[in-house]
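Shown next, in structure tokens, is the structure this report addresses.
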Amino acid sequence: MSDTQPVRVRFRSPTAPPRSFLWARRIFLTLLTGFVLLPVYVMVSSSLKPLQDVQGAFHWIPSSLTIRPYIDIWSTVPLARYFMNSLVVAGTATVCSVIVAVFAAYAVSRYRFRGKRVFTVTVLSTQMFPGILFLLPLFLIYVNIGNATGIALFGSRGGLILTYMTFTLPFSIWMLIGYFESVPRDLDEAALVDGCGPLGALFRIIVPAAIPGIVAVAVYAFMTAWGEVLFASVMTNDTTRTLSVGLGAYANLNDVYWNQIMAASLVVSVPVVAGFLLLQRYLVTGLTAGAVK
């Protein structure tokens, strides 16, 4: 009886990619990961250094670490007020955009009316224009409304919320139209047979089935409003200033608090990153489900 073991030969599938492609992909993903994580490391390490160490030559391994910048960021500038302004403005703009987009997308996807195609094309075409094109007209409109009616839109949270809705709504409506059209119309008909009206069918059938798309719209609207700089720098004052503009207050005529800027940038990124990680499953589903019926 022979003690030799049979030699197992591993066969590659004909459809398997070549080994060179696999190694190239690994190298590319490794370089891409380093490219993404390197700035994060620089921010984290700089936020834990004393100011004199940050202003000097950069060292990959800090000689001393301190959490003092994370404490000083709240007293150097009114960061808590900026944080609350951004939270109120971004949250309100998100809720209003989602509500309006749901009704508008439902009407376009379920009803036929004159000018329907023109409306959808117009909604989508507004995304082609840069934001700077609307800055001066909105500024003049808000100032004239304030002079004529006494309603302070310029320099207020309400005016900034309306401003953000002007460029979050078009994309939100367009994306929800595609998602609502992927929901079978038989569900609407079944709801109407059971005695539901159009609004009942919307809230009891369509909205629960379109939760991933609605969440994707909400995440897009919130992230857009949270990090917007152009309109926030013009449409706000010292009381209503948001985080995206307020971070510039760490640089004054005498010094630039680089360690506090890095610490504040990391702190203000937490809500967006946490929300994205919690809702990424709905976000991916919402962005892809509406494209395929």
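Values in this document were obtained by computation on a predicted structure and should not be read as measured data. For this chain, numbers begin at 1 and follow the sequence in order. The basis for the numbers below is simple: all heavy atoms, side chains too, and nothing from hydrogens, waters or symmetry mates.
For the pair Thr242/Phe83, no side-chain contact is recorded, criterion being any heavy-atom separation below 4.5 Å from C-beta on. Between Ser233 and Thr236, every side-chain heavy-atom pair lies at or beyond the 4.5 Å cut-off. When side chains are defined from C-beta on, Asn259 does not count as touching Pro50, because their heavy atoms never get closer than 4.5 Å. Using a 4.5 Å cut-off on side-chain heavy atoms (C-beta onward), Ser64 and Asp53 make contact. A 4.5 Å side-chain heavy-atom check between Tyr106 and Ile206 finds at least one atom pair inside the cut-off.
Hydrophobic cluster of Ile27: the remaining members, joined at side-chain heavy-atom separations below 4.5 Å, are Leu31, listed by chain and number. In the hydrophobic clustering, where aliphatic and aromatic side chains (Ile, Leu, Val, Met, Phe, Trp, Tyr) are joined below 4.5 Å either directly or transitively, Met84 groups with Val88. Grouped by direct or indirect side-chain proximity (heavy atoms under 4.5 Å, Ile/Leu/Val/Met/Phe/Trp/Tyr only), Val245 sits alone.
Annotation for Ser97 and Leu169: closest pair O-CD2, 3.5 Å, computed over non-hydrogen atoms. Shown here for Ala210 and Tyr179, the closest heavy-atom pair between the two residues is CA-CE2, 3.2 Å. For the residue pair Val234 and Phe139, the shortest heavy atom distance occurs at CG1-CD1, 4.4 Å. Of all heavy-atom pairs between Ala101 and Ser172, the closest is CB-CB, 3.9 Å. Ala104 and Ile173 get closest at one heavy-atom pair: CB-CD1, 3.9 Å. Looking at every heavy atom in both residues, Val102 comes nearest to Phe180 through O-CE1, 3.5 Å.
Under a 3.5 Å cut-off, the side chain of Thr240 and the backbone N or O of Asn237 do form a donor-acceptor pair.
Within the model, atoms OG1 of Thr66 and CG of Leu51 stand 11.5 Å from one another, a figure rounded to the nearest 0.5 Å. Rounding to the nearest 0.5 Å places OG of Ser244 at 9.5 Å from CH2 of Trp226. Separation of atoms CD (Glu181) and CZ (Arg110) is listed at 8.0 Å; rounding is to 0.5 Å. How far CE of Met175 is from CD1 of Ile214: 10.0 Å, rounded to the nearest 0.5 Å. Remark: Leu48 CG to Ile67 CD1 distance equals 9.0 Å, nearest 0.5 Å.
For Gln260 and Thr76, the side-chain atoms include at least one donor-acceptor pair closer than 3.5 Å. Side-chain polar atoms of Thr224 and Thr168 form no donor-acceptor pair below 3.5 angstrom.
Atom CG of Leu133 sits in a crowded spot, with more than 12 heavy atoms from other residues, nucleotides or ligands closer than 6.0 Å. In the displayed structure, Arg26 atom CZ is contacted under 6.0 Å by more than 12 heavy atoms of other residues, nucleotides or ligands.
For the ring pair (Phe, Tyr, Trp, His ring centres under 6.0 Å) test, residues two or more places apart in sequence or in another chain that qualify with Phe103 are Phe203. Under the salt bridge (Lys or Arg N to Asp or Glu O under 4.0 Å) criterion, Arg204 pairs with no residue at all, not counting sequence neighbours. By the salt bridge (Lys or Arg N to Asp or Glu O under 4.0 Å) test, Asp72 is found to be paired with Arg68, residues two or more places apart in sequence or in another chain being considered. Residues satisfying the ring pair (Phe, Tyr, Trp, His ring centres under 6.0 Å) test with Trp258, not counting sequence neighbours, are none. Partners of Asn147 by side-chain hydrogen bond (donor to acceptor under 3.5 Å, both in side chains), not counting sequence neighbours: none found. For Trp60, the ring pair (Phe, Tyr, Trp, His ring centres under 6.0 Å) criterion is met by Phe58, not counting sequence neighbours.
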Could you pull out all donor-acceptor pairs under 3.5 Å where a side-chain atom in residues 262-276 meets a protein atom, sequence neighbours excluded?
from	atom 1	to	atom 2	distance (Å)
Ser265	OG	Ile261	O	2.7
Ser269	OG	Ser265	O	2.6

Side-chain donor/acceptor pairs under 3.5 Å, residues 152-167, sequence neighbours excluded:
from	atom 1	to	atom 2	distance (Å)
Ser156	OG	Ala152	O	2.8
Ser156	OG	Leu153	O	2.9
Ser156	OG	Gly159	N	3.2
Arg157	NE	Asn85	OD1	3.0
Arg157	NH2	Asn85	OD1	2.6
Thr163	OG1	Tyr142	OH	3.0
Thr163	OG1	Gly159	O	2.8
Tyr164	OH	Glu228	OE1	3.0
Thr166	OG1	Thr163	O	2.4

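Applying the side chain to side chain donor-acceptor pair (under 3.5 Å) test to residues at least two apart or on different chains, the pairs with a partner in residues 27-49 are Ser47-Tyr70.
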